Amino acid sequence: KLTDFEGREVTLSKPAERIIALMPGDCEILYALGAGDKLIGRGEYCNYPEEVLSVEAVKSGAEMNLEQVIELKPDLIIATKMAHTKESIEALDKAGIPSLVTDAQNIEGVYKAIDLIGAACGKNEEAAKLIDDMKAGFEEVVKKVGEKSFGTVYFEVSPLQYGLWASGGGSFMDEIGNMLGLENVFASEGAWAQVSEEQVIAKNPDVIVTTTMYFGEGPTPIEEILSRKGWENIKAIENGDVYNADNDTITRPGPRLVDAINDFYNFLYEEEAADKAA
Amino acid sequence: MDIKEGLSLKKHIILIFVVLISLFICISLGSVPIPFKDTVGILCDLLLGKKPSGMYADILIHVRLPRVLSVMPVGAALSLAGAAMQGIIRNPLADGSTLGTSSGAALGAVIALSLGVWLPSFPFAGTVVFAIIFSFISLIIVMSLAYTVDKLLSNNTIILMGVIFSMFTSSFISLIMAFSGERLRSITFWTMGSLAGSNYNNVLLLLITLIIAGSALMLSARELNAFSLGEDEAMHIGVDVKKTKVIILVSVSFLIGVSVSVGGSIGFVGLIVPHACRLLFGGNHFKLLPSCVYVGAIFLLFMDLIARTLVSPVELPIGVVTSFIGAISFVIIYYRRRKHAGT
Amino acid sequence: MDIKEGLSLKKHIILIFVVLISLFICISLGSVPIPFKDTVGILCDLLLGKKPSGMYADILIHVRLPRVLSVMPVGAALSLAGAAMQGIIRNPLADGSTLGTSSGAALGAVIALSLGVWLPSFPFAGTVVFAIIFSFISLIIVMSLAYTVDKLLSNNTIILMGVIFSMFTSSFISLIMAFSGERLRSITFWTMGSLAGSNYNNVLLLLITLIIAGSALMLSARELNAFSLGEDEAMHIGVDVKKTKVIILVSVSFLIGVSVSVGGSIGFVGLIVPHACRLLFGGNHFKLLPSCVYVGAIFLLFMDLIARTLVSPVELPIGVVTSFIGAISFVIIYYRRRKHAGT
Amino acid sequence: MLELKNINIQYGSKYAVKDVSIKLYSGDWLVLLGANGAGKSSIIKALARAVKYSGEILLEGKNISCFSSRQYAQRVGVLSQLHEKDPSLSVSEVVRLGRYSHGKRLFSGLNKIDIQKVQQAIAVTGLIEYSERPMHTLSGGERQRAYLAQVFAQDTDILLLDEPVNSLDMKYTLSLLKAIDVWRKERRGIVISALHDLSLAACFGSRALILLNGEQLFEGNIKDALYSPHIDMAYDLPVVKTMQDVYSFWEKA
Amino acid sequence: MLELKNINIQYGSKYAVKDVSIKLYSGDWLVLLGANGAGKSSIIKALARAVKYSGEILLEGKNISCFSSRQYAQRVGVLSQLHEKDPSLSVSEVVRLGRYSHGKRLFSGLNKIDIQKVQQAIAVTGLIEYSERPMHTLSGGERQRAYLAQVFAQDTDILLLDEPVNSLDMKYTLSLLKAIDVWRKERRGIVISALHDLSLAACFGSRALILLNGEQLFEGNIKDALYSPHIDMAYDLPVVKTMQDVYSFWEKA
Ligand SMILES: Nc1ncnc2c1ncn2[C@@H]1O[C@H](COP(=O)(O)OP(=O)(O)OP(=O)(O)O)[C@@H](O)[C@H]1O
Ligand SMILES: Nc1ncnc2c1ncn2[C@@H]1O[C@H](COP(=O)(O)OP(=O)(O)OP(=O)(O)O)[C@@H](O)[C@H]1O
Ligand SMILES: [Mg+2]
Ligand SMILES: [Mg+2]
């Protein structure tokens with residue numbers, strides 16, 4: 001008997017053996033718990049680890065293909081709030097397929113999700129270990145950072161061309177930034193906010209992080225940011241402190257958040273050290 | 001001269017027959033192939049009151065049947081509403097959404113989605129209830145706005161107020177989407193229109209609305225005919241212009257509000273099906289309105305079938321399929337008719 | 001009786017003055033407050049050919065000025081195109097997007113975004129170039145479709161073909177969005193309309209288009225007036241109906257295509273500004289068209305200002321602000337005028 | 001039976017009709033006479049409840065605003081001067097609509113009487129061959145006859161006809177006016193019509209109201225009206241003399 | 001100068017005009033006579049290039065399809081029988097549009113001559129006071145005069161007038177027809193008009209074309225036409241006798 005993120009009580013007679021997980025984060029948790037073999041269906045954006053790609057993809061969200069889901073005969077569906085509709089969950093219930101809803105908004109939430117998923121597939125111990133590992137990972141970085149501070153940071157989630165969108169407080173990025181001793185210049189805004197270019201110039205951040213993916217055409221996101229007119233005098237540009245974060249690791253509520261923070265830490269402090277050494 | 005002005009009995013029978021055939025085709029096909037024998041077996045069991053079981057039965061009863069049964073009234077409702085709107089405001093660009101209730105309903109649904117409203121004890125889930133409530137509020141706002149600026153409720157005023165209101169609400173929707181962060185995807189998909197996950201409650205709701213509001217419109221066919229002579233002429237022959245307008249606009253809003261709440265914003269149907277029916281069955285509303293019900297239902301059934309099966313297991317948004325196929329078939333009909341008319 | 005039918009010189013001067021004032025206000029205000037003294041200083045330096053420097057100069061020269069200078073012609077172009085379309089097809093629901101070029105341009109941009117088209121020597125030009133090319137192709141498709149089904153290019157045909165085509169392309173857009181995966185977000189943001197990131201190249205492109213296509217429309221003011229008597233009457237007084245239609249439709253497509261390519265789909269302006277101008281300056285196109293240019297520019301300037309500053313540092317999508325404020329102000333104008341007319 | 005009391009009609013600040021009063025009885029055919037813009041159509045529109053007016057109009061002693069749309073349409077049939085250019089209905093559909101106020105509300109439901117009245121109206125106006133043609137394919141005169149047929153099908157005691165013979169050819173001008181005349185005498189109905197052709201007014205009218213810039217110049221018997229000096233004032237012409245001139249051609253034949 | 005050769009006009013499969021030929025010279029006023037639906041408007045529309053026809057129409061010896069819209073409008077002015085119900089322009093804007101084909105293309109650019117013609121047309125039609133009024137606020141007759149004024153302002157050698165006196169009061173009926181008559185004689189222009197009022201046709205026309213179901217029954221001098229048996233056939237009435245009856249009222253005065 002489990003209580004999911006929406007307060008729904010879900011009763012499983014036995015640990016789930018055939019699982020469909022719609023969100024990439026949940027897939028990654030399953031694999032991290034060593035329950036990857038129980039995954040018989042995945043959301044279409046799940047792409048990590050590699051093995052997941054061989055699992056059948058299921059359309060999620062309002063477009064979830066219920067017929068396909070039922071045909072797969074799962075005994076559990078793990079969805080997040082944004083990947084399902086009430087109607088589809090109800091229809092699944094009627095067809096005798098229970099579903100769990102996860103909705104992690106912060107690192108604490110990720111722990112909870114791991115706990116929940118672990119319980120659902122009978123991997124309670126592995127879950128506890130995974131959580132401990134993650135906590136240890138974060139603590140290690142926090143310790144390394146110590147009292148150091150790198151100043152201010154601006155997280156860019158959509159490049160100028162489509163309107164400048166920043167990640168504010170309440171996002172994983174923000175949380176990770178805080179751990180690394182960075183202050184988000186748009187901390188007072190929501191997780192997504194379209195901001196004015198003027199503001200970025202005026203806030204003059206020390207670091208710029210972009211999550212734009214590079215698809216192999218034109219300049220890389222970093223080059224593009226460095227070449228923006230009027231941005232030349234921003235400290236981050238002057239010092240070349242522009243970081244292209246891996247969008248998947250830094251935005252998904254999963255175990256790889258630890259990797260994200262480590263990568264970012266390396267960019268900030270290790271390269272710094274290397275520069276100084278050189 | 002005939003006493004009846006509507007479609008001939010023969011046409012009624014043919015069209016009903018086509019609807020039933022389409023219904024059956026759409027039930028037996030889907031992204032999971034179910035053998036014809038099983039389909040018939042399960043349907044018979046259902047009709048006989050038995051409870052069939054098994055995976056095929058699960059898919060058929062809990063997924064496919066409610067969906068197909070919702071698609072049909074949604075298609076009928078959108079087309080009917082479009083025909084009535086085009087008739088009453090005499091504008092070929094009008095459809096059910098001109099009045100603003102469509103985007104009002106969408107706003108309600110988007111708010112429900114973004115707040116994650118979940119009303120467990122309600123027979124209809126959060127989005128549906130919110131959409132209906134909002135479509136109502138929209139109707140009231142648009143009508144009272146129109147009435148305030150123009151006591152005569154002239155067409156121009158209704159059109160402009162409706163369009164303005166729907167832009168207003170659409171901008172609200174954009175705003176919510178802009179700030180919705182992680183939920184952006186589900187909202188985007190919802191706005192594209194989908195009938196996946198419809199349940200029997202939805203079907204019931206749709207049918208009741210279609211019967212009530214549809215009858216109100218059907219009974220206004222003479223008034224709609226009268227309007228095509230102009231509003232003053234309509235008044236001269238005894239039509240209570242304002243009352244008729246209110247009845248028709250309210251019925252249209254009902255139809256649209258409920259359809260949108262269940263199926264999302266499915267564009268195009270309400271605009272094109274009435275035009276096509278006008279080309280095929282003539283502009284007399286006694287013929288136009290019933291033919292829109294049939295043709296709308298058939299059209300959306302097949303569009304949904306294509307959406308479900310074309311690139312299975314992926315589902316296409318129904319709005320996309322509708323516009324695609326609808327556009328092509330409409331151009332063909334239009335071309336044929338014009339050639340036929342010889343002008 | 002006057003020899004000139006257009007706006008009086010006095011009105012021209014007043015409106016130009018208001019445009020300049022608005023421009024200045026919009027340059028001096030923004031999400032980062034720049035002291036008035038600095039603004040004037042930097043602008044003077046610029047005019048004198050000096051190169052001002054400092055953060056304020058960066059913001060003003062590279063961010064705010066190109067944006068404000070693009071907003072102005074976009075507003076003018078959308079309004080002008082809307083007025084011309086409403087005039088030529090005599091339908092109050094028409095605007096520049098009725099022809100289908102707007103959604104054609106959007107489709108082009110979305111394709112460019114989803115393929116990540118990159119033209120090496122033009123920074124950011126991929127979307128713009130694609131949008132323009134697609135708006136052209138759309139125009140050609142719509143016109144040849146309309147011409148095929150109806151040699152007379154009657155309004156009903158143009159309207160229907162335009163609407164159908166735009167539904168068709170919108171469904172393409174939805175389809176691309178549905179399959180765009182990771183890029184969904186940027187596409188969604190783009191479709192909400194944004195003039196952030198405009199550069200001086202955009203300004204140049206917009207101004208050239210506005211001057212060329214705008215002049216073509218202004219020179220067609222008499223023809224547009226003639227059309228309001230009906231197409232046959234227009235022909236009788238010597239208007240070459242088909243040629244005029246083609247000129248006007250092509251100019252409108254240009255205006256819309258370029259505006260959409262730079263600013264995304266900004267709705268509402270093209271529909272409402274012409275209506276408001278008609279209420280304020282009358283239906284004569286000699287007055288209507290120029291007043292639309294001024295009022296459109298002023299309107300969008302202020303809407304953009306509000307979008308930039310209202311909840312600073314966050315920026316609102318301009319489409320949202322436009323619909324919001326536009327809706328309210330239009331209702332007020334409409335109400336006042338109707339009261340004034342005493343009917 | 002139909003009484004206008006101190007009717008004023010204003011468009012904006014401009015008076016189109018000033019203080020017109022007249023009382024009509026069963027069997028009257030009132031011709032509204034006056035130059036363009038004199039206010040004839042405005043009076044008809046007021047009687048048809050299509051414009052606002054001040055003053056009182058009484059039908060059977062009751063203020064006309066007390067009737068519901070349907071009740072009023074059962075009593076009063078209206079032919080307007082201007083029509084939509086492109087009505088999309090067919091002739092028989094238009095004429096059937098004339099029965100609207102009599103019909104049961106369900107579906108098309110025309111009963112025997114309705115059908116008979118419709119057929120009669122179509123026959124009188126000579127439109128039998130045209131009955132399935134869409135209105136916009138008719139010639140000007142055929143269209144006008146279709147609208148007249150609609151009013152006839154409406155089968156009311158009072159007819160308000162604004163320039164009924166516009167665009168009609170000679171044959172139908174005479175035969176339709178004659179039919180109306182017979183009807184009015186038999187049924188003792190009231191006809192109010194605006195007519196620019198004074199000869200026709202003389203042939204068919206029984207009473208006349210002469211308007212000049214909205215003011216009531218004269219009200220009384222049609223013969224008196226046409227011989228009175230008021231008619232010359234109204235048209236700013238020596239009417240009798242002019243008519244005799246115009247007519248002289250036929251005398252010689 | 002204006003010649004119709006074997007003109008046929010078809011709507012769908014139905015012939016509205018069959019094999020009509022006529023030659024018109026400077027100074028002619030041709031009246032098209034015939035019952036409703038005889039094909040009068042169709043002929044006018046063919047001359048105005050607003051419907052398809054088979055056969056040839058020659059203006060100054062050139063097929064009319066060779067002229068550009070502007071050139072043609074400089075030569076031929078057209079008044080249609082049916083108009084839009086709600087044109088949104090003012091009277092003076094409508095009349096100014098009559099100068100379209102003469103105007104320079106840039107902006108409103110009316111020159112002195114244009115202005116003079118426009119003012120003259122407005123004055124002749126008695127619309128001076130109405131010139132800034134929107135068309136849809138005019139009475140039926142005032143509207144018709146505004147459209148006539150537009151045609152006059154167009155200042156062409158050929159006038160095609162489809163029922164020009166519809167809705168006009170007696171004064172303007174006579175004064176405008178007279179003005180056209182004077183103009184045609186002075187300028188030696190050609191007028192082609194459909195008229196239902198045979199007395200007016202007799203007063204102002206010089207030639208007549210009688211149509212019956214689209215066929216040319218008679219073509220020749222107007223007097224001959226009105227006394228010929230063809231006219232009785234066309235209207236299905238003893239025309240002279242009828243006209244004498246209708247006008248008898250004025251004889252007695
Ligand atoms: N909607 C309106 N707004 C303003 N003025 C109007 C309106 N309708 C009519 N008028 C004016 O009122 C006066 C009377 O118009 P009305 O239509 O009653 O004239 P009428 O006697 O029927 O003329 P006609 O013989 O030309 O039909 C006219 O001067 C006209 O210009
Ligand atoms: N668009 C159309 N489609 C089909 N038939 C038409 C069309 N226009 C006219 N007709 C028919 O052609 C015939 C001639 O019409 P036309 O308008 O030339 O008549 P007319 O002599 O002007 O009559 P009226 O005196 O009534 O104006 C009529 O019988 C009419 O019904
Ligand atoms: Mg009148
Ligand atoms: Mg005619």
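Side chains are part of it too, since the values below use all heavy atoms of this structure and drop only hydrogens, waters and symmetry mates. Values in this document were obtained by computation on a predicted structure and should not be read as measured data. Just so we're on the same page: letters track the sequence lines, and every chain starts at 1.
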Heavy-atom contact with chain D under 4.5 Å, split by part of [X]:
X: E:Leu82; result: both
X: E:Lys14; result: side chain
X: E:Ser199; result: both
X: E:Gln81; result: side chain

Pick from [options]: which one has the most heavy-atom pairs with chain E under 4.5 Å?
options: D:Ala38, D:Gly37, D:Gly39; value: D:Gly37
options: D:Leu138, D:Leu168, D:Asp162; value: D:Leu168
options: D:Glu142, D:Lys40, D:Arg143; value: D:Glu142

Considering only heavy atoms, which portion of [X] lies under 4.5 Å from any heavy atom of chain E: side chain, backbone, both, or neither?
X: D:Thr242; answer: side chain
X: D:Ser139; answer: side chain
X: D:Leu198; answer: both

- Max heavy-atom pair count under 4.5 Å with chain D, selected residue of E:Ala35, E:Gly126, E:Cys203: E:Ala35
What I want to check is whether the side chains of [X] and [Y] have a donor and an acceptor closer together than 3.5 Å.
X: D:Ser92; Y: D:Tyr130; value: no
X: E:Ser42; Y: E:Tyr11; value: yes
X: D:Asn221; Y: D:Arg207; value: no
X: D:Ser167; Y: D:Gln144; value: no

- What is the ring orientation for E:Phe218 with E:His230, classed by angle as parallel under 30°, tilted 30 to 60°, or perpendicular over 60°?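 Tilted: the ring planes of E:Phe218 and E:His230 meet at 30° to 60°.
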- Task: Specify whether D:Tyr147 and D:His83 have parallel, tilted or perpendicular ring planes, treating 30° as the upper limit for parallel and 60° as the lower limit for perpendicular.
- Result: parallel
- Query: With the threshold set at 4.0 Å, does a side-chain nitrogen-carboxylate oxygen contact exist between E:Arg184 and E:Asp181?
  - Reply: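 So E:Arg184 pairs with E:Asp181 through a salt bridge.
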- Task: Output yes when a side-chain donor or acceptor of D:Gln154 lies under 3.5 Å from a complementary backbone atom of D:Ala73, and no otherwise.
- Result: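 Side chain of D:Gln154 to backbone of D:Ala73: a pair is present.
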